[in-house]
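Inspection log for the structure reproduced underneath, given as C-alpha cells.
Chain letters run A, B, ... following the sequence lines, proteins first and then strands; every chain starts at 1. From a predicted model like this one, the values you see are computed outputs, not experimental measurements.
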2 protein chains.
Amino acid sequence: MREVAALAKVSIKTVSRVVNGETGVSPRLARRVTAASERLDYRHNLTASSLRRSDGRSATIGVVLEDVSNPFASALHRSIEDVAVRRGVLVLAGSSDEDEARERELISAFASRRVDGLIIQPASHDHSYLLAERKVGTAIVFVDRPAGFFDADTVLTDNAAGVRRGIRHLIAQGHRRIAYLGDLHTIATAAERHRGYVQELAAQKIQLDERLVRLDLHGIEKAEAAVAELLTASPRPTALFAGQNLITIGAFRAMRHLGLHKRTALVGFDDFLLADLLEPGITVIAQDPAAIGRTAAEMLFRRLDGDRSPSEHHTVVTQMITRGSGEIRP
Amino acid sequence: MREVAALAKVSIKTVSRVVNGETGVSPRLARRVTAASERLDYRHNLTASSLRRSDGRSATIGVVLEDVSNPFASALHRSIEDVAVRRGVLVLAGSSDEDEARERELISAFASRRVDGLIIQPASHDHSYLLAERKVGTAIVFVDRPAGFFDADTVLTDNAAGVRRGIRHLIAQGHRRIAYLGDLHTIATAAERHRGYVQELAAQKIQLDERLVRLDLHGIEKAEAAVAELLTASPRPTALFAGQNLITIGAFRAMRHLGLHKRTALVGFDDFLLADLLEPGITVIAQDPAAIGRTAAEMLFRRLDGDRSPSEHHTVVTQMITRGSGEIRP
DNA sequence: TTGTCTTTTGACAACGTTGTCACGCTGCCT
DNA sequence: AGGCAGCGTGACAACGTTGTCAAAAGACAA
C-alpha cells in the first residue's frame with residue numbers, strides 16, 4: 001500500500017480509501033491510485049485490514065461438519081457457501097469425525113483466525129465452552145443437531161416425526177415386525193430417530209421387540225453385518241427402518257446378498273443419489289440439506305448484521321418419497 | 001495479550017514466548033502466564049501473529065474445487081484436510097462451478113487472506129494470472145486437471161489411458177458400435193477422455209461413427225436425454241462409455257427407462273457409491289480421489305517447507321472394476 | 001478581495017502480535 | 001576482584017492496515 005501510495009503520489013490513507021470504495025476521493029486521484037495498484041499487482045491484505053478496522057470482521061466463517069466428504073454434510077457446506085459468497089464471505093471447513101476433542105480443536109483453530117461466525121454440526125453434547133467465543137461477538141448457529149447447555153440458534157430436521165411417518169407407512173402396509181437400525185446413540189439425531197420409532201410403535205399399540213433393534217451402526221459395513229444377522233435370525237422382521245443413509249445402503253447390500261431385497265420392506269432416513277435406480281427403488285424419508293444449510297447461513301448473517309432477538313429454533317420438515325421398497329407387503 | 005501480561009506481571013513479550021512454546025522461559029513464569037491466559041480466556045490472534053512474524057504464514061490454505069458437494073471433489077477436499085490437520089493448517093474451500101471468473105474471484109479472495117498455499121482443480125485454461133501469487137511465495141498445486149500457461153506441480157489421473165482400457169474391454173466383449181458420452185469439452189479431463197476413446201478405436205481399427213458421440217453433457221439430466229435419444233435412433237449402439245460419474249448415472253437412468261439396461265453394455269469413468277448394487281452392477285474405470293488429494297497436499301507442504309526443485313507432474317493410475325454392465329455382449 | 005462553508009487530503013496513532021536487541025543477573029574462569 | 005559468557009527478560013519498533021482529526025484546497029456569497 002505504501003508503494004502504491006508513493007507511485008500515485010498520494011498518502012496511504014488515500015489508497016485505503018480507494019481500495020475500500022469510500023466516498024470523498026476525487027476521481028482524478030482515484031484513477032491514479034487504481035492505475036498504480038494495477039501496475040504493482042497490489043493485493044489488499046485483509047488480515048491487516050481486519051486487525052485494524054473497528055468491527056474486526058474477517059469476512060470468513062467457520063463450518064464444522066461431521067465429514068466434509070459425507071454427502072449430507074457436503075450438501076450443507078455447499079448451501080452455506082452459496083449464501084456466503086453473496087456477501088463476499090469465505091468458508092473455512094473442517095471435519096469433526098464425531099469426535100468431541102476434534103470439534104473443539106477445530107473451533108479453537110477457527111477462533112484463532114477470528115472468524116466472524118461459526119456453523120456447527122455438533123459432535124459433542126456440551127457447548128458451554130463456546131461462551132467465550134460468543135462473548136467476543138462470534139455468531140454461532142447449530143445445524144442438524146441441537147446444542148448442549150448452550151443457548152443458540154439451531155436448524156434441525158424433525159427427526160422423530162420423519163421416522164414416525166415412515167413407521168406408520170410400514171404398518172399401513174401390514175407390517176408388525178419392523179426392525180430398527182440406528183446410528184451411534186451418542187449422536188443426537190440418531191437418538192431422536194430411535195425415539196420416533198419407539199413412540200410410533202407405542203401409538204399403534206405394537207409391542208416393541210428389542211431383538212429387532214440394532215443401534216450404534218456407524219457406517220455401511222456395520223449396518224450390513226447387523227442386517228445379515230437380523231435377517232437370518234428368528235423372529236425375522238418383515239420390514240426394516242434404517243435410521244441414516246449409509247445404514248440404508250448397508251441394509252440393502254445385506255438384503256441383496258441374501259436375496260431378500262424384493263421380499264423384505266425397507267424405508268430409509270435420508271435420500272441418496274440412485275435410490276430410485278435400485279430394484280426396488282428405495283422408499284425414503286428425505287431431509288432437505290440445502291434448505292437446512294441456507295436457513296442456517298441466513299440466520300448467521302442476520303446475527304452478524306446485529307439481530308439480537310432471542311434464539312430461534314427452526315425445524316425443516318421431511319418428505320416421504322415412495323419408490324417401492326417401502327411398499328412391499330409382509 | 002496485554003491483559004494476560006499484566007495479570008501475570010510479565011511483559012507481553014514473555015506471554016508471546018509462552019504462547020509460541022519458545023524455549024528460554026523459566027518454568028515459574030511460564031506457569032504464571034498459562035494460568036493468567038486461562039483465567040482470562042485468552043485466544044491467540046493468529047491474524048495479528050501472521051501479520052508480524054517474518055515468514056508471514058497464516059497456517060491456512062485455499063482449495064478451489066468444481067463444487068464442494070460433488071462426490072469426487074469432496075473426497076479430494078477430505079484427503080487434503082487430512083494432510084493439513086497434521087500440520088495444524090486449516091482449509092478454506094470454495095466452488096468454482098466451472099466458471100473461470102469465479103475461479104479467479106476465489107483465488108483473489110484467498111490471496112487477500114494471505115493463504116500459504118493453493119490447491120486448484122482448475123476451471124480455466126490460462127493461469128498466468130497466478131504469477132503474482134507465486135511471486136509473493138504462495139505455493140500452488142493443480143489437481144485433476146492441468147494448469148494452463150503456468151508451470152506448477154500437478155497431480156492428474158491418466159484419463160486417456162483409463163478410457164482406452166474401458167473401450168478395449170468393451171471391444172473384447174465383441175462390441176463395435178460403442179457410443180461415447182462426454183462432459184463439457186472445455187474441461188481438460190473431458191477432452192482427454194474423449195481423446196482416449198478416439199485413440200483406442202483407431203488402434204483397434206474400428207471406424208469412428210460421429211453419430212455415436214455426444215459431448216457437452218453436463219449433469220445427470222443432459223446425459224439422460226442424450227442417451228434416450230441415442231438408444232432410440234439408428235444405428236443403435238450396443239455399448240456406451242460414459243465419461244464421468246453423473247453421466248454414467250444419467251445414462252443408466254435412460255437405459256432403465258427404455259428397458260435396455262440389461263441388454264446394452266455400459267462402462268463409466270469414475271466409481272460411485274452403489275454402483276455395485278444396481279442391476280446389473282456398473283463396470284467402471286475408478287479414479288482414486290483420496291490418493292490424488294493426499295499427493296497434492298503433500299506436494300504443497302513440501303513446497304512450503306522450502307523444496308525448490310522443478311515442478312513435478314504426478315499421474316495417479318485408474319483401476320477397472322468389472323461388475324456386470326460392461327460384460328454384456330452385443 | 002475576504003470570509004465562511006464544504007470537500008478533499010494527509011499525519012499519526014492504533015489494532016495484536018513478534019523480531020531485535022539490550023539489559024540485568026548468575027556463575028565460572030582468570 | 002574483574003571479566004566474560006549464558007540465560008531470562010523486557011523495551012521498542014514494525015507488520016499492513018484504518019479511524020480520527022486537523023489541515024489544505026476549493027466553492028461560493030458578500
Under 4.0 Å between any heavy atoms, over every strand shown, what does Ser16(A) touch: base, sugar-phosphate, or nothing? Just pick one. base
Could you check how far CZ of Arg53(A) sits from P of dT18(D), rounded to whole Å? 6 Å
Separation of atom NE2 in His44(B) from atom C1' in dT17(C), rounded to whole Å: 6 Å
Any base atoms under 4.0 Å from Val19(B), or only sugar-phosphate, or nothing? Heavy atoms, all strands. nothing
Expressed in angstrom and rounded to an integer, what is the separation of Leu29(B) atom CG from dC7(D) atom C1'? 13 Å
What is the distance, to the nearest angstrom, from the CZ atom on Arg2(A) to the P atom on dA14(D)? 10 Å
dT18(D) base / Arg52(A) side chain donor-acceptor hit below 3.5 Å: yes
Specify the separation, in whole Å, of atom CG of Leu51(B) and atom P of dC15(C). 14 Å
Using whole Å, report how far CZ of Arg43(A) lies from P of dC15(D). 21 Å
How would you label the contact of Ile12(B) with the nucleic acid (heavy atoms, under 4.0 Å): base, sugar-phosphate, or nothing? base
Kindly indicate whether the side chain of Arg17(B) and the base of dG10(D) share any N or O donor-acceptor pair separated by less than 3.5 Å? yes
Any donor-acceptor N or O pair under 3.5 Å, side chains His127(A), Glu103(A): yes
